[in-house]
> 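Below is the structure I would like to discuss, written out as C-alpha cells.
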Amino acid sequence: MPPAKTAPKIGFVSLGCPKALVDSERIITRLRAEGYTLSPTYEDADAVVVNTCGFLNSAKAESLQAIGEALAENGRVIVTGCLGVEADRIRDQYPGVLSVTGPQQYEAVVEAVHEAVPRLHDPFVDLVPPEGIRLTPRHYAYLKISEGCNHTCSFCIIPSMRGPLKSRPLSDVMREAERLVAAGVQELLVISQDTSAYGLDLGYVENSWRDETYETRFADLAAALGSLGVWVRLHYVYPYPHVDRVIPLMAEGRVLPYLDIPFQHASPTVLKAMRRPAHGEKTLQRIAAWREICPDLAIRSTFIVGFPGETEQDFTMLLDWLSEARLSRVGCFKYEDVDGAAANALPGQVPDDVKAERFARLMEHQQAISEALLAERVGGTIEVMVDTVDEEGAIARSHWDAPEIDGNVFLEGETGLKPGDRLMVTVEEANEYDLWGSPVAPASMPFAAKAPASG
C-alpha cells in the first residue's frame with residue numbers, strides 16, 4: 001500500500017486591523033475545509049500567505065518587511081490584503097512573489113494557493129468546525145457586518161481600497177453569530193468600517209431571523225445580537241442620531257455599555273479639513289444624553305494630532321473637549337501622510353517635534369481623566385470575563401474593556417479559573433488603565449439578568 005499523502009502546509013502572516021483579521025479567518029477556513037493545514041513556521045510551510053495592511057505608510061513598510069522576511073525564510077509567498085492594491089510596488093521590490101491580490105479577494109487567494117501547492121484529491125482529510133477557523137481565543141470573536149465605506153475623509157484611502165459600503169444581510173450575520181456562540185464564544189465584537197451605517201446600501205430591507213422580522217439596520221442588528229446571551233461589543237460607530245436607539249439596549253443589559261467611536265478631533269476647523277461627519281459641540285450634547293439613559297456607558301475613541309493646519313488653539317480645544325467628554329479609553333496617533341490621500345496636499349504641515357509634543361500632552365491629559373474614572377469603580381462590583389490564567393492568577397476584562405486595546409482586571413492568586421469564565425468581582429484597586437479585584441460569585445447567567453454594575 002502506498003504511503004498516505006500528507007496534507008499541504010500553509011504559513012500565514014496576518015497584519016493590520018481586526019477587519020483584515022476576519023479576512024484571514026475566512027481564507028484559512030476555506031483552506032482548512034479543502035484539507036490544507038497551517039504551519040506555525042516558515043521552514044515547514046509549502047507556501048506562505050501574507051495578508052498586508054496598506055493604510056499608513058508605516059504599516060505599508062511593515063507589510064513590505066513581512067513579505068521580504070517570508071521570501072527569505074520560505075521563498076514561496078502569496079500576497080493579499082490592502083497593500084495588494086499597489087501590486088506594482090510590491091513586484092518592483094519583490095519580483096519573486098507568486099501572486100498579489102487586493103482586499104476581500106478571497107477566491108483569488110485560494111486559487112493562488114491551489115496553483116502554488118495543489119490540494120489533496122480528498123478534501124475531507126481535516127474537517128472544519130461549523131464556526132470556521134479563527135485566529136482569536138476560543139471565547140471571543142470578531143463579527144464583520146459590512147465591507148467598505150461611503151465617507152471621503154481626507155486622510156484615509158480605505159474607500160479606494162475596499163470600495164463603498166456593502167452590508168451583509170442581517171440573517172447571514174445572525175447565522176454566523178449563532179454558530180460562534182454554539183462553539184463557545186462568549187463575546188462578539190462587531191466590526192466594520194462604519195458600523196452605524198449598516199444596511200444603508202440595502203435600503204434597510206427587512207430580513208427574517210428566528211421567525212422574527214428585522215430591518216437591516218444598526219439598531220435592529222444590535223437588538224438581535226443582544227438576544228444571544230453573550231457579550232456584544234460595538235466598534236467603529238459613528239455618532240449619527242440613530243445611534244440613540246441602541247443606548248436603551250445597553251441600559252437594559254442586552255448590549256455592553258461600550259461604544260468605540262473614532263472622533264479623530266474636536267476643533268471644527270480640523271474636522272472640516274478632515275471631512276469628518278461630526279461636530280464636537282453637538283457630539284458632547286449627544287454623549288450627555290446617552291449618559292442620562294445609560295450612566296454606565298464607556299466610550300473609547302481615537303484622535304489624530306498634528307493634522308495639517310492644526311494650530312495650538314485647535315489642539316487646546318481638543319484637550320478641553322476631552323475634559324468635558326470624559327471618555328473612558330483614548331488612543332492617539334501622530335498624523336502622517338498616506339499615499340493617495342487628499343490631506344497630503346493640505347497647507348500647514350505640522351513639524352514632527354510639535355506632533356510628538358502634542359501627542360505626549362494629550363496622552364498625559366487623558367491618563368488623568370482615565371485614572372479618575374477608574375477610581376470611581378473601587379469598591380463596586382462588576383462583571384468580568386477571563387482572558388488568560390497563569391501561576392500568578394487570572395487576567396480578565398470588564399464590560400468597558402475590549403481585548404488587546406483597552407485595560408485589564410487583574411485577579412491575583414485566582415488560578416482555578418479558565419479563559420471565557422464570567423464572574424462578578426469587587427474592585428479593590430485602580431490606576432490610570434487597569435483594575436484589581438477579587439471574585440464575588442460566578443456569572444453563570446447572561447449578564448443582562450443581573451443588577452447593573454456599581455461604580
Side-chain angles (χ1 to χ4, degrees), residues 189-190 194-196 218-219 221-223 225-226 231-268 271 276-303 317-332 362 365-384 397-402 405-407 409 427 430 432-435 447-448 450-455:
L189 298 107
V190 179
D194 181 356
T195 295
S196 39
F218 176 52
L221 177 63
L225 291 170
W231 285 13
V232 177
R233 192 178 300 279
L234 304 174
H235 287 276
Y236 313 122
V237 176
Y238 282 70
Y240 305 138
H242 67 261
V243 174
D244 297 357
R245 293 178 53 196
V246 175
I247 307 303
L249 299 176
M250 298 178 176
E252 296 163 10
R254 297 171 63 187
V255 175
L256 289 181
Y258 179 101
L259 283 176
D260 177 1
I261 303 176
F263 290 121
Q264 306 297 11
H265 215 280
S267 162
L271 287 170
R276 294 294 288 173
H279 188 285
E281 186 175 328
K282 291 181 180 178
T283 300
L284 285 174
Q285 296 170 2
R286 179 154 285 122
I287 291 173
W290 291 343
R291 287 175 175 155
E292 286 290 321
I293 299 169
C294 183
D296 234 10
L297 175 66
I299 300 175
R300 113 167 303 277
S301 189
T302 52
F303 296 88
M317 185 180 299
L318 172 55
L319 296 184
D320 292 342
W321 189 93
L322 286 170
S323 295
E324 188 168 350
R326 300 189 80 222
L327 304 184
S328 301
R329 304 294 188 187
V330 167
C332 184
L362 187 146
H365 185 87
Q366 176 59 33
Q367 282 173 357
I369 296 170
S370 177
E371 186 172 20
L373 290 173
L374 289 177
E376 295 175 4
R377 300 285 178 194
V378 175
T381 301
I382 63 173
E383 186 192 25
V384 302
R397 290 179 291 109
S398 74
H399 292 180
W400 313 288
D401 300 304
I405 58 174
D406 293 329
V409 181
V427 179
E432 64 270 29
Y433 296 119
D434 303 311
L435 300 173
F447 69 91
K450 293 185 289 293
S454 61

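By convention here, the first residue in the shown sequence is residue 1. All values below come from the heavy atoms of this structure, side chains included, with hydrogens, waters and symmetry mates left out. In this text the structure is predicted, and so the values were computed from the model without any measurement.
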> Tell me if a side-chain donor or acceptor on Thr195 pairs with a main-chain N or O of His235 at a distance below 3.5 Å.
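Side chain of Thr195 to backbone of His235: a pair is present.
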
> Once salt bridge (charged side-chain N to carboxylate O under 4.0 Å, His left out) is applied, do any residues pair with Arg233, and if so which ones, sequence neighbours excluded?
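Once residues adjacent in sequence are excluded, the partners of Arg233 under the salt bridge (charged side-chain N to carboxylate O under 4.0 Å, His left out) criterion are Glu187.
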
> Apply side-chain hydrogen bond (donor to acceptor under 3.5 Å, both in side chains) to Ser267 and list each qualifying residue two or more places apart in sequence or on a separate chain.
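For Ser267, the residues satisfying side-chain hydrogen bond (donor to acceptor under 3.5 Å, both in side chains) (neighbours in sequence not counted) are Asp314.
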
> Contact between Arg300 and Ser328 at the side-chain level, heavy atoms closer than 4.5 Å - yes or no?
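They are not in side-chain contact.
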
> Please round to the nearest 0.5 Å and tell me the distance separating atom CH2 of Trp321 and atom OG1 of Thr283.
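Trp321 CH2 to Thr283 OG1: 6.0 Å, rounded to 0.5 Å.
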
> Nearest 0.5 Å, what's the CG-CG distance between Leu256 and Leu225?
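Answer for the CG-CG pair, Leu256 versus Leu225, is 11.5 Å.
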
> Could you give the distance from CD1 (Ile287) to CZ (Arg326), rounded to the nearest 0.5 Å?
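With rounding to 0.5 Å, CD1 (Ile287) is 12.0 Å from CZ (Arg326).
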
> Ser301: which residues meet the side chain to side chain contact (heavy atoms under 4.5 Å, CB included) condition with it, sequence neighbours left out?
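Per chain and number, Ser301 pairs via side chain to side chain contact (heavy atoms under 4.5 Å, CB included) with Phe263, Phe303, Leu327.
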
> If the condition is salt bridge (charged side-chain N to carboxylate O under 4.0 Å, His left out), which residues does Asp434 pass it with, not counting sequence neighbours?
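Partners of Asp434 under the salt bridge (charged side-chain N to carboxylate O under 4.0 Å, His left out) test: none.
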
> Would you say Asp401's side chain and Gly407's backbone share a donor-acceptor pair under 3.5 angstrom?
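Yes, Asp401 side chain to Gly407 backbone: donor-acceptor pair under 3.5 Å.
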
> Side-chain donor-acceptor contacts of residues 242-251 below 3.5 Å, not counting sequence neighbours, with atom names and distances?
from, atom 1, to, atom 2, distance (Å)
His242, NE2, Ser196, O, 2.6
Asp244, OD1, Arg286, NE, 3.4
Asp244, OD1, Trp290, NE1, 2.8
Arg245, NH2, Asp220, OD1, 3.2

> Could you work out, with ring-ring contact (aromatic ring centres under 6.0 Å, His included) as the rule, every residue matching Phe218, not counting sequence neighbours?
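Per chain and number, Phe218 pairs via ring-ring contact (aromatic ring centres under 6.0 Å, His included) with no residue.
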
> Does Glu432 have any side chain to side chain contact (heavy atoms under 4.5 Å, CB included) partners at least two apart in sequence or in another chain, and if so, which?
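Side chain to side chain contact (heavy atoms under 4.5 Å, CB included) check on Glu432 returns Gln367, Glu371.
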
> For Cys332 and Leu362, work out which heavy atoms get closest and say how close.
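It is CB-CD2, 3.9 Å.
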
> Shortest non-hydrogen contact from Pro239 to Ile261?
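In terms of heavy atoms, the two residues are closest at CD-CG2, 3.7 Å.
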
> Please report the C-alpha distance between Asp406 and Arg397 in whole Å, then the side-chain angles of each, then the deciding distance to 0.1 Å, and finally whether the side-chain contact (heavy atoms from CB on, under 4.5 Å) criterion is met.
CA-CA 9 Å; Asp406 293 329; Arg397 290 179 291 109; over 6 Å; no

> Please check: side-chain N/O of Arg276 versus main-chain N/O of Pro262, any donor-acceptor pairing under 3.5 Å?
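Yes.
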
> Within the 4.5 Å heavy-atom criterion, are Gln264 and Thr302 side-chain neighbours or not?
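Gln264 reaches Thr302 side chain to side chain.
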
> Please report the interatomic distance CD(Glu292) to CG(Leu297), rounded to the nearest 0.5 Å.
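Going from CD on Glu292 over to CG on Leu297, the span is 12.0 Å.
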
> Going by heavy atoms in the side chains, are His399 and Tyr258 under 4.5 Å from each other?
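SC-SC contact between His399 and Tyr258 ruled out.
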
> So, using ring-ring contact (aromatic ring centres under 6.0 Å, His included) as the criterion, who are the partners of His365 when residues are at least two apart?
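Once residues adjacent in sequence are excluded, His365 has no partner under the ring-ring contact (aromatic ring centres under 6.0 Å, His included) criterion.
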
> How close do Ile382 and Ser398 get, heavy atom to heavy atom, and via which atoms?
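Smallest heavy-atom distance, with atoms named: CD1-CB, 4.0 Å.
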
> Taking only residues two or more places apart in sequence or in another chain, which ones pass salt bridge (charged side-chain N to carboxylate O under 4.0 Å, His left out) with Arg291?
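Partners of Arg291 under the salt bridge (charged side-chain N to carboxylate O under 4.0 Å, His left out) test: none.
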
> How long is the span from the OH atom in Tyr433 to the CG atom in Leu374, to the nearest 0.5 Å?
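One gets 10.5 Å once the value is rounded to the nearest 0.5 Å.
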
> What closest approach, in Å, do Ala430 and Leu435 show between heavy atoms, and which atom pair accounts for it?
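Closest heavy-atom pair between Ala430 and Leu435: CB-CD2, 3.5 Å.
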
> Return the set of residues passing salt bridge (charged side-chain N to carboxylate O under 4.0 Å, His left out) with Asp260 (not counting sequence neighbours), or none when no residue passes.
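If we apply the salt bridge (charged side-chain N to carboxylate O under 4.0 Å, His left out) test to Asp260, skipping adjacent residues, there are no hits.
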
> Do Pro268 and Met317 come within less than 4.5 Å of each other through their side chains, counting heavy atoms only?
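Counting from C-beta outward, Pro268 and Met317 do come under 4.5 Å.
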
